[in-house]
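I have placed the structure first, in the form of structure tokens, so that the comments after it can refer back to it.
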Amino acid sequence: MTDPADLSWDCPVLHVDMDAFYASVAARGRPDLAGRPVVVGGGSRGVVLSANYLARERGVRSAMPMTRARRLCPRAVVLAPDFDTFSSVSSSVIETFRRVTPLVEVLSLDEAFLDVSGSTRRLGSPREIAEQVRSYVHDEQGITCSVGVAAAPSVAKLGSRLAKPDGVVVVPPDQVVAVLHPLDVGDLYGVGEKTRSLLHRLGLVTVGDVARTPVPTLQRALGHHLGAHLHELAWGADRRPVVARHAPAFFGGEPDRSMGAQETFGFDTDDRDVVVRELLRLAGRVGRRMRVAGVAGRTVAITVRFADFTTITRSRTLPEATDVTSEIHRAATRLYDALGLQRARVRLVGVRVEGLVPCVRVHRQLLLGEPERGWREADRAVDRAIRRFGSDAVAPASLLGGRATRSA
DNA sequence: TCTGGGGTCCTAGGACCC
DNA sequence: TCTGGGGTCCTAGGACCC
């Protein structure tokens, strides 16, 4: 108990964030990569998913176009992402967290909140627990993480950022204001580039500036919700409890509200047939994931991004929820055709189904008829074949040979 | 040489109903 | 006959996060 402030915390929260997670996992067991910049990403039109710290020294950042990253850091080793491995390492790390506390709120593959208020008697001060978590992760998974410790989740999250890489930052309650207020407003969770520059234009540059601005003023500038929310965050007053849950729809988790898939073409296209075939592939992917999860949805939405990067969405709500690939595809195609595009060059299309509910709650009138019943059974057969033989085994006839259009 | 893919939430306007 | 308000659903877009 080196930290007297620890004792005054009614509810200490840890935010654990893996350091350059994808890049670290991808480089594990690769001594040949030691001392080299590593970038995970790919595709001719892709972006950086993760960069290790040597690559970051050259200015490489997440979400940066790969072309730019290669220019900034020609020596970088570029690795393709392997999400199966990332997921499995992530699951192991989360199991490690659960040895410390059952109150683990998983935010993504590489970060989580841990409420350790029930663990201090057994494991020591919050700082000591943070160090234990770090050594467990390092010893068992061979990667490093950073931990922020505070009484509020939002402050703990800022702490882990300040701790990076490979460190711990504890922000006791009586130091929250001193730590928060000098930071740039862009450091607040929920403030991206647009909101940051809006606030800067208003003369609100630091978190302290936001904290000292009346809530109604913030609400006029940012909207009712965000205005009030940012004011709270600026005082470190986020008292949202840590909720034990797994982000994706795993057991016990809340079902996703929507499921979608999208894909950028290898080359922009103005060929309707190419787009409609792609919509079929995407509808198939989404439908299969919905059937695996046991959910159905009523609203089908498409996204279309044009060559100039302008992006539109169109959606239509069906009379009945569906998880049938052909129904999703039909709705998506109608939405696309309703755009009435002539020579527009399309860069990306996406399909999403929203308003998901568990299938058991969908009281389909099964008198609906044979055609629909037939499609459902066809979907099940395809799902079974894919489970047995892999996703290359089965495809609608119209997709056969279609892949060349994406990679040619 | 530009800019991925998976999501969530908020806002705002219009339709519609009470 | 005129006027108003509240609630909900639908649609489109935007911002944000990892």
Side-chain angles (χ1 to χ4, degrees), chain A residues 15 17-18 20-23 39-51 61-72 74 80-81 83 86-87 90 106-112 154 157 160-161 185-199 219-230 233 247-249 253-266 268 278 282 285-286 289 293 297-319 331 335 338-339 347-356 406:
Chain A
H15 180 259
D17 200 335
M18 301 298 129
F21 181 59
Y22 296 166
V39 172
V40 174
S44 55
R45 306 174 97 180
V47 299
V48 174
L49 291 172
S50 177
R61 295 286 181 274
S62 289
M64 175 182 284
M66 283 299 298
T67 47
R68 176 142 186 252
R70 287 179 205 271
R71 216 177 338 126
L72 285 169
F83 284 98
F86 299 155
S87 297
S90 175
V106 180
L107 301 177
S108 68
L109 283 184
D110 75 334
E111 57 176 310
S154 64
K157 191 161 164 60
S160 70
R161 265 248 327 280
V185 285
D187 290 329
L188 292 176
Y189 188 83
V191 177
E193 198 40 56
K194 303 279 183 181
T195 306
R196 176 174 181 268
S197 56
L198 173 61
L199 289 169
Q219 288 177 318
R220 272 194 299 277
L222 303 170
H224 182 82
H225 187 91
L226 189 59
H229 185 59
L230 286 193
L233 291 187
E254 290 170 32
D256 287 336
R257 295 177 187 279
S258 68
M259 284 189 190
Q262 61 181 48
E263 185 135 321
T264 298
F265 293 107
D268 301 339
E278 186 63 24
L282 297 169
R285 248 152 68 184
V286 173
R289 284 176 52 212
R298 280 182 63 206
T299 302
V300 175
I302 63 166
T303 300
V304 179
R305 175 168 296 154
F306 298 102
D308 68 357
F309 223 70
T310 59
T311 307
I312 61 171
T313 62
R314 292 293 183 270
S315 65
R316 180 67 62 201
T317 299
L318 309 173
L335 287 165
L339 293 173
R347 178 187 178 89
L348 164 151
V349 286
V351 174
R352 177 164 294 277
V353 180
E354 302 168 350
L356 302 185
R406 298 201 329 284

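Given the structure is predicted, the values throughout are model-derived calculations rather than measurements. Chain A is the first sequence line, chain B the second, and so forth, proteins listed ahead of strands; every chain is numbered from 1.
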Most 5' of T313(A) and R298(A) on DNA chain C, judged by nearest nucleotide:
R298(A)

Between T299(A) and T317(A): side-chain donor-acceptor atoms closer than 3.5 Å
yes

Under a 3.5 Å limit for both distances, which nucleotide forms a Watson-Crick or G-U wobble pair with dC18(C), could you say?
dG5(B)

[X] near the nucleic acid: base, sugar-phosphate alone, or nothing, with a heavy-atom cut-off under 4.0 Å?
{"X": "R70(A)", "answer": "nothing"}
{"X": "T311(A)", "answer": "nothing"}
{"X": "V48(A)", "answer": "nothing"}
{"X": "A63(A)", "answer": "base"}
{"X": "G260(A)", "answer": "sugar-phosphate"}

Return whichever of R347(A) or L226(A) has its heavy-atom-nearest nucleotide of DNA chain B closer to the 5' end.
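Counting from the 5' end, the first nearest nucleotide belongs to R347(A).
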
Here's a test of your reading of the structure: between R71(A) and L348(A), which maps to the more 5' nucleotide of DNA chain B?
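It is R71(A) whose nearest nucleotide is closer to the 5' end.
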
Are the side chain of S50(A) and the backbone of V48(A) linked by a donor-acceptor contact shorter than 3.5 Å?
no

Donor-acceptor pair, side chain of R45(A) and main chain of F265(A), under 3.5 angstrom:
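Yes: the side chain of R45(A) pairs with the backbone of F265(A).
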
Using the heavy-atom set of chain A and a strict 4.0 Å cut-off, write down the first and last nucleotide of DNA chain C that makes it in, 5' to 3'.
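Nucleotide range in contact with chain A: dC10(C) to dC18(C).
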
For the residue pair I302(A) and V349(A), establish whether any side-chain heavy-atom pair is separated by less than 4.5 Å.
no

Mind checking whether D110(A) and F86(A) have side chains closer than 4.5 Å, heavy atoms only?
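With C-beta onward as the side chain, the pair stays apart.
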
Syn or anti for dC2(C), please, going by whether the chi angle lies within 90° of 0.
anti

Aromatic rings F83(A) and Y22(A): how do their planes relate, parallel, tilted or perpendicular, breaks at 30° and 60°?
perpendicular

Counting heavy atoms not belonging to R298(A), are there more than 12 under 6.0 Å from its CZ?
yes

In whole Å, measure the gap between the C1' atoms of dG4(B) and dC16(C) for me.
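To the nearest whole Å, 16 Å.
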
